[in-house]
Amino acid sequence: MPIIFTFPNNEKPSIAKKLNLSPGSFTIKKFPDKETLITIETDVKDKEIIILCGLDDPDSKIMPLMFFTQTAKELGAKHITLIAPYLGYLRQDKRFNEGEAVTSKIFAKLLSSLVDKIITFDPHLHRYKTLDEVYTIPTTVLHSTDAIAEWIKKNVENPLIVGPDEESTQWAEAIKMPFIISTKKRSGDKEVEITLPDVSAYKDHTPVLVDDIISTARTMIETVKKLLEANMKPPICIGIHGIFAQDAYEKLQESGAAQIVTTNSISHETNQIDLTTELKKYLV
Ligand code: R5P
């Protein structure tokens, strides 16, 4: 049976506990000068290990992950799988402006050198069609859309799925309910313009916004605004990966959204959709 090592801030979604794998023990010490020391306390020699580490706030996690994986290999670990329910650094999938780094490629190259396999949920694949375009190790992409559809069936009467932008079509379609897709123009981190299609036929529906990432929440906020201006019912906002950067959560709460719901890919008080069942189906 593989040993699972759960990185800090990944305990709360309780995915690791529900997976019933043998838990491994390790410590991360921060020195006063902010350098990091990893100590792996469980014997990993000849063992398959799984690391549970979501890659939101990826810069703070990549060094501990690197120290951990290199040490595990030195100590004889046979195979290392990383479960990153959220895999960051995928949105910079081209050089949008002269001189910019294509961080998705650089990050993927680094991560591919650290672990043998990655399992993740609904990565932001837009210009890349699959993770294989940037990752050189096996990757498994799991989907949250069945769990989201289940939640909607239980909680929403007469739903209309609203994808805020072109990229969200993949999730809106997979939920298999009536849907519309808006268009989005982004001119800055917090500057987003949304144009809705004609919604006049859907006045008796409850709009359910579904997007993969809620970061600044401006995409959701502007879509909520436009739906309310079009006299639609107060929308429910569902984010697969709720990052909620800076004031995002407060602003989204103030926007007029009826409810804000996320999966437990990233721990947050809005987590209502559990991804463990999907993960278990795959791991068993
Ligand atoms: C990008 O196209 C993604 O699918 C999301 O729409 C985006 O990351 C949301 O970002 P924010 O919450 O900052 O508007």
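Quantities reported herein were computed from a predicted structural model and do not represent experimental measurements.
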Subject >> Short side-chain to backbone donor-acceptor contact, Q170 and E167, under 3.5 Å >> reply: yes
**OP:** Quick one: which residue pairs count as a salt bridge (charged side-chain N to carboxylate O under 4.0 Å, His left out) with a foot in residues 172-192, not counting sequence neighbours?
**Re:** D165-K184, K190-D247
Original post:
Okay, side chain of H205, backbone of V199: is any donor-acceptor separation there less than 3.5 Å?
Top reply: no
**OP:** Can you sort out the partners of T42 under side chain to side chain contact (heavy atoms under 4.5 Å, CB included), two or more places apart, ordered by chain and number?
**Re:** I3, F5, S25
Compile the donor-acceptor pairs under 3.5 Å between side chains in residues 46-57 and protein atoms, sequence neighbours left out, one pair per line.
residue, atom, partner, partner atom, Å
D56, OD1, K61, NZ, 3.1
D57, OD2, S60, OG, 3.0

Subject >> Contacts of type side chain to side chain contact (heavy atoms under 4.5 Å, CB included), residue H268, not counting sequence neighbours >> reply: F244, Y249, T270, N271
Subject >> Side-chain heavy-atom pair T69, L82 within 4.5 angstrom cut-off >> reply: no
Original post:
Cut-off 3.5 Å, side chains only: do K117 and T139 have a donor facing an acceptor?
Top reply: no
**OP:** Taking side chain to side chain contact (heavy atoms under 4.5 Å, CB included) as the test, write out the residues that go with S112, two or more places apart.
**Re:** Y135, T136, I137
Original post:
Is the shortest side-chain N to carboxylate O distance from E278 to K281 below 4.0 Å?
Top reply: yes
Subject >> side chain to side chain contact (heavy atoms under 4.5 Å, CB included) involving P197 - partner list, sequence neighbours excluded >> reply: I180, S182
**OP:** Determine, stepwise, if the pair V192 / I221 fulfils side chain to side chain contact (heavy atoms under 4.5 Å, CB included).
**Re:** CA-CA 9 Å; V192 168; I221 292 168; over 6 Å; no
Original post:
Checking salt bridge (charged side-chain N to carboxylate O under 4.0 Å, His left out) for the pair K153/E150: CA distance, chi angles, key distance, verdict?
Top reply: CA-CA 5 Å; K153 267 182 215 149; E150 189 104 335; 5.3 Å; no
Original post:
Rounded to the nearest 0.5 Å, how far apart are CZ of R91 and CZ of F96?
Top reply: 10.0 Å
Original post:
Could you walk me through whether I238 and I152 pass the side chain to side chain contact (heavy atoms under 4.5 Å, CB included) check?
Top reply: CA-CA 10 Å; I238 301 184; I152 296 172; 3.8 Å; yes
Original post:
Distance-only, no hydrogens or angles: does the E35 side chain make a donor-acceptor pair with backbone N or O of F31 under 3.5 Å?
Top reply: no
Original post:
Does a donor on one side chain and an acceptor on the other come within less than 3.5 Å for N158 and Y202?
Top reply: no
Original post:
Any idea which heavy atoms bring V224 and C237 closest together, and the distance?
Top reply: CG2-SG, 3.7 Å
**OP:** Determine yes or no for a side-chain-to-main-chain donor-acceptor pair under 3.5 angstrom, with N264 supplying the side chain and L275 the backbone.
**Re:** yes
**OP:** Examine distances only and state if a side-chain atom of Q92 and a backbone atom of K94 form a donor-acceptor pair shorter than 3.5 Å.
**Re:** yes
Original post:
Just by distance, do the side chain of S265 and the backbone of P85 share a donor-acceptor pair under 3.5 Å?
Top reply: no
Original post:
In Å, rounded to the nearest 0.5 Å, how long is the span from CD1 of I38 to CD of Q70?
Top reply: 11.5 Å
**OP:** Take K29 and T36 through the test side chain to side chain donor-acceptor pair (under 3.5 Å) and record every step on the way to the result.
**Re:** CA-CA 6 Å; K29 175 183 160 76; T36 300; over 6 Å; no
**OP:** Give the C-alpha distance, both sets of side-chain angles, the deciding distance and a yes or no for side chain to side chain contact (heavy atoms under 4.5 Å, CB included) between I175 and V208.
**Re:** CA-CA 11 Å; I175 289 170; V208 182; over 6 Å; no
Original post:
Is the backbone of I240 close enough, under 3.5 Å, to the side chain of T263 for a donor and an acceptor to pair up by distance?
Top reply: yes
